[in-house]
Structures are given as structure tokens and as C-alpha cells.
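Report on one structure; see the data block that follows.
These numbers come from the heavy atoms of this one structure, side chains and all, not from hydrogens, waters or symmetry mates. In listed order, ligands and their atoms are each counted from 1. All values derive from a computational prediction rather than experimental measurement.
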Amino acid sequence: MRKQLYVTCLLIILSAVVASCGRKIIVDHYAIIPQPVEMETAEGSFTLSGSTVCFLGNVGQNDPTVKYISRVMRQWHFNPVFVGKPESNCLQFIINESPDIDLGNEGYNLVVDNTGITISANTEHGLFYGFQTLVQLLPEDINNVRYGKIVLPACKIRDYPRFGWRGSHLDVSRHFFGVTQVKKHLDLMAAYKLNKFHWHLTDDHGWRIEIAKYPLLNDVGSWRVDRDDQPWGEADPAGEDEPRTNGGYYTKEEIKEIVDYAAERYIDVIPEIEIPGHCCAVLESYPNLACANDDTTYTVQFGPYWPPRAILCAGNDSVMTFLKDIMDEIIPLFPFNYIHIGGDEAVKHNWERCPRCKARMKKLGLKDFEQLQSWMIVEIEKYVKRQDKNIIGWDEILLGGVSSDATVMSWQGTKGGITAARRGNDVIMTPTDFCYFNYYQANPEYQPPAMPASLVTLDKVYGYDPMPKGLTAEQQKHILGAQANLWTEYINTPEMAEYMLLPRLCAMSEILWSPREKKSWEDFRARVARNVIRLKSNDYHVGVGSFKPWLTVDKDADGNLIATLHWEVEGTHIYYHTGDGNYKLYTKPFAVDKNSVITVLSFFKGTLKEQPYELKIQ
Ligand code: ACM
Ligand code: ZN
């Protein structure tokens, strides 16, 4: 016992000596994303240093969260030493003896005072999020600069999420991203308290998961001719004998490694296997799974397939066997209780001409091809349910009828989600106009190529409320949350993936976690700027954002209309005129007349970033 005490003391002294080599910094601002439910600053401060003792109280030293925390702290050269509770200079982690009901499973309290830092929660998951908040209290470059002493202003935080489903989706079919990049994505999710990773593993452009029973899915379906040097929409078709060098897939070992890595960060992984469409990779590998009259030669290609006519034959029993076999191999790899079965954009052209599909419809008394798709999906749903899994599908699964247990992902606007919630189905909101991070985040004229659809700016994401209007309290309970989707047609490098995700993922995190009443664009924008410094310091690539100004109009006490201009990127200079052609620099809100027109343009660092355009006062 004496020896143990001696070793512990020595460790404390050693780590204090090591850490004291670093610089001292006084933190003068906190910029937490997502914004906590309650946060008060207080008198006093605490100095975190190498001699700060970690006290685990009732949390086991072998707990995976404790191991994670120790690892991160060692990276900062704060070698955490876990001993009995000291009077002061203590970073302590406490699992509440009796649950604090409001905190739920994910919430936490974090207190910084003169004696130390205390993070308490009902669960290890809550402690983990408390620790993520603590990380954001520390200097932005904490992972790169050796600080011996960090002086933290006293504060009191009480925090828990608004929504349970806080998701981020990654399409690894259009472009394949390896284990390292996926882990980096998961780290990002954890930092912003996102907890559902939707992994789009199969599509026309590549099958990305090892399947033992159908090896051609990997030998053939995971590879294509490399056309990454050409624009997505205009690539040359693959020649027959060209080597297929672009692609890859995750082995089962790698899948396990990623799922474990996610679990350590309290992230559930949802694999998506597309049924019945988006299946070129399957049909090139196993052409017998196509419809009877389908004489297309399918090839895994770079570039769009439009209209997406590749479809698995719904009248062929081998297809159902194939899908069940796939589920049998996938289910043991993913412990979370959801499997995403796709269901989107399946053009039924081949089914309409297929005697087998028509015979199946006749036999089952189905009145249209949407019902045939529903039959197929419900068959798979029944199958996976026997192994305790539920299904999620894109909102097209509503068309031919859906079981009451299926969860609907509303992507074509919010209508599908509203319909589903009214029917009693669970819903995840992911409408393109707010949640598709493959769309441009700023004026396309000044951006790398992206999906040419609507503009999804940071402020637009921030302005989105995942809870649709017009639902009763009971129906609202079916809105589980939302997620950001990153389709990767135009995204062919990890750097570009990060550029499109960031900083919009910060906005997604906040709209899912923080109370709606606390929303403040100006406050968020300032916190994003600090977070961008942190993200860059952690080697993430961050989009610059939109320079496009927008307008709000208020009335002053005398009833005059007052125009205020807003913009995303700090340091943007907006010039405007109200009809006389004399541009002036915008510095503060100004009076305007009803029906007047303001012409605006933007400069950043001396460069024109938005051509003149008009904002109308209505
Ligand atoms: C989708 O974007 N096709 C779900
Ligand atoms: Zn068919």
C-alpha cells in the first residue's frame, strides 16, 4: 500500500514537472457548440495543470469513457492520475447516485470553480459529452500546443439534448473513403455531440462491404475505371478493358473496427443497403438478379445514371434469397437496432415489362408497382425483425404503404415526414434544402464543383427547425431528430468531404441539441468563428461560407422601417445603394422606404465575392 502511494505521488510529481514545461494561458472566452441549455459564468477561476488530479468517484478506471478521456488528456501532456479525492485541484467525474431526470441519458452538469472541475451525469454517455464540452473550454490549439497551465474562468453548465437522433450520413459508394477518414468523421461527430452515423454502403457506383456469400459484389461491384480527373456529369464511359482501379470496400474486420470506434464515442452506426434501386453494382456482379426483359449491360461507372432504372427483380425468388443472405451477414456486424433499406428513386420501368414481377403482383393481388416495392420491403422488414432489427427507409417507402414500425427518412422536403408522423411512424428529418451538405454552401461561381441543386448556406441550416409545424404533441414525439447528408458524387477527397461538412455540421449539431428558444444567429456566428480555429488546428478542412448578404426589416419606435444587412463570413465588406447608384460601405442599420430596392455587393480581402444584386423591401 505504501509502495502504491509512493508510486502515485511520484507519478503526480513527474506529470507536474512534465506539464509545467508548457506555456500558461488564461482563457478569456468560451464558444461552445452546440450551445448548452444553461450556462452561467461566475466569479473565480481554476488552473488546469499537470498536477490536477482526476478523481473518478464511482466510475470504474477501466470504463471505456475513462480510457478515452485519459488518452485525450495524455495528448495534451496532462498525464491524468486517478487517485482519491483531493480537497482542491481536482477534475472529477461523477455518476449521479440518484438520476437527475432532466439530464436523461446524454445530459451532464459541468462546474468550474476555484477548487476544480466537476462533470456529473446519470451515465457514462453524459460524462463523455461533459468532457467534449470541457474540451471546448480549453484553448483552440490544445492538441498542438503544450500548455503547462490553463486558467479557466469559473462557470456552471447544465446541458441535455433537444432531439435523440442527431445524425450525420456519409455516402462511401460514389467515392470510397478509407477507415482513417471514417474515424476522423466520427471524431468530428463526437466533438459536436452527434450520435447517429448513417453509412451509405451500397449504390450504383460501388458496393462497399465485404460479403462472403457473394464475392463478386467485392471483386466486381466495388471497383470502377478511374475518372476522377473528369467532371462527374461529363465523364467518358469506361472502356471494356480499362483497368478498374478506383474503389474499394471495407472488410468485416474493418467494419468491426469502425463500429467499435464509433461505440467508444457513443455513436450508433446504421448501415444502408439500397433496395430495390440504386443497384448497378449488384447487377453487374450478379446480372441474374435483374428483371426478365432487362437486357441492359450494367457497369459500375463514374458519373450519373439517370433515370436510375437499375432495379432488382421483385418477382425473382433468388433476389429475396440474396437480400436475406446479405442481411444475415450484415446484422451481426452492426449492434444498433436499425438497418436502412434505401427505397429511394427506384424507377419501375423494368418491373412494368417483367413477366415475373407482373406475376408476383397478380398472385399477391397488388394494384400497382409501388405496392410491389412495399411488399418487397415489408418482406425484408419481417425478416430483419426476427433478428431484432427495425428498418429505416427514404420517404418513397410511404408510396405503396408501409408497416407502422418502419422509420421514415424525409428527404424530399418535409411532407413525407409530416405524413409519416401523422400515421404514427417515427421520422428522421433530412430535407434537401437544409440537410444536403453536398449542395453548394456559397455562390457556385466561387466554389469547387458541387451538386448543382439549391444553395444550402450555413445560416439556412442554422435557421432550420427539425420539428415541422402543424403536428400534435403526440405526433411530435415521432420526430426523432434530423441529420446532415453528404452524398459524394462531386466529393472525391477527404479534404473536400470536410470542406462540405464544415462548418455546416456545427449548425446541424446546434439545431438538434440546443433549445429552440436559445437560437441566435449572431451569437452562433461568433462561436463558429472560434470553432473554425479549433477545427483547423485539428487538421480539418473548413468551407469559407457564403458572402451573400441578406436582409431583415424592423420598425423603430416611430414606425420607420429599418433595414439590417446580415452575412455569414466575418470580415466581409458589404456595399449598397438604394437607387442612386452611389455604393457606400454598410456599417449599421438604416432607414428605408416601403417598396424600395437595396442593391448590394460583397468584398472579402479586397476581392469581389458577390456581384451586385437586389434586395426588395416589402
Ligand atoms: C436521396 O437523396 N436519393 C435519398
Ligand atoms: Zn422483374
Side-chain angles (χ1 to χ4, degrees), residues 167 169-171 173-174 198-205 270 272-280 282-283 286-296 298 304-320 322-323 340-364 366 368-369 371-373 375-377 379 392-399 407-417 427-439 450-454 456 482-491:
H169 148 290
L170 181 66
D171 166 12
S173 173
R174 272 52 178 268
H198 173 174
W199 207 0
H200 188 76
L201 288 166
T202 75
D203 212 302
D204 296 311
H205 305 86
I270 303 96
E272 181 180 355
I273 305 295
E274 277 273 14
I275 304 171
H278 285 287
C279 61
C280 270
V282 177
L283 295 183
Y286 295 96
N288 62 309
L289 302 179
C291 276
N293 283 337
D294 182 4
D295 51 11
T296 316
Y298 291 100
Y305 297 91
W306 210 259
R309 281 188 176 164
I311 192 163
L312 299 167
C313 180
N316 182 349
D317 287 340
S318 307
V319 167
M320 300 313 286
F322 167 81
L323 292 174
H340 199 304
I341 51 71
D344 60 317
E345 297 179 317
V347 174
K348 311 295 185 311
H349 173 84
N350 290 330
W351 284 6
E352 286 162 20
R353 302 178 318 153
C354 173
R356 288 193 306 237
C357 283
K358 286 197 270 199
R360 175 90 76 199
M361 274 178 66
K362 191 158 172 219
K363 186 162 166 222
L364 296 170
L366 305 177
D368 61 30
F369 291 100
Q371 287 195 352
L372 184 57
Q373 169 162 328
W375 168 80
M376 205 172 174
I377 287 173
E379 281 298 292
I392 304 176
W394 299 107
D395 54 38
E396 286 94 330
I397 66 170
L398 289 164
L399 294 175
T407 298
V408 174
M409 212 165 244
S410 185
W411 72 282
Q412 301 176 100
T414 55
K415 228 170 78 201
V427 173
I428 297 150
M429 299 304 293
T430 175
T432 54
D433 279 352
F434 306 95
C435 301
Y436 270 40
F437 289 6
N438 54 323
Y439 290 7
M451 186 59 88
S454 64
V456 178
Q483 71 180 35
N485 289 347
L486 194 69
W487 302 99
T488 58
E489 288 92 337
Y490 288 80
I491 297 172

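- Atoms of ligand 1 found under 4.0 Å from any heavy atom of Y436, numbered from 1 in the order shown, are 1 (C), 2 (O), 4 (C).
- Residues D317 and R356 are not paired through a salt bridge, judged by the lack of any N-O separation under 4.0 Å between the basic side chain and the carboxylate.
- Between E272 and W394, the side chains place a donor N or O and an acceptor N or O closer than 3.5 Å (distance only, hydrogens not considered).
- The ligand atoms of ligand 1 that sit less than 4.0 angstrom from a heavy atom of W487 are 1 (C), 2 (O), 4 (C).
- Of all the heavy atoms in T430 and Q483, the pair that sits closest is OG1-O, 3.4 Å.
- Residue W394 has no N or O atom closer than 3.5 Å to an N or O atom of ligand 1.
- The backbone N or O of D171 lies less than 3.5 Å from a partner atom in the side chain of T488, making a donor-acceptor pair.
- Of the protein's non-hydrogen atoms, D344 OD2, 2.6 Å is the one closest to atom 3 (N) of ligand 1.
- The shortest distance between side-chain heavy atoms of L312 and L283 falls below 4.5 Å.
- Here the side chain of W487 pairs no donor or acceptor atom with the backbone of Y439 at under 3.5 angstrom.
- Protein N/O/S atoms nearer than 2.8 Å to the Zn ion (ligand 2) total 4.
- Under the 3.5 Å distance criterion, the side-chain polar atoms of D395 are left unmatched by any main-chain donor or acceptor of G413.
- Judged by distance alone, with hydrogens and angles left aside, the side-chain atoms of H200 form no donor-acceptor pair with the main-chain N or O of L170 at under 3.5 Å.
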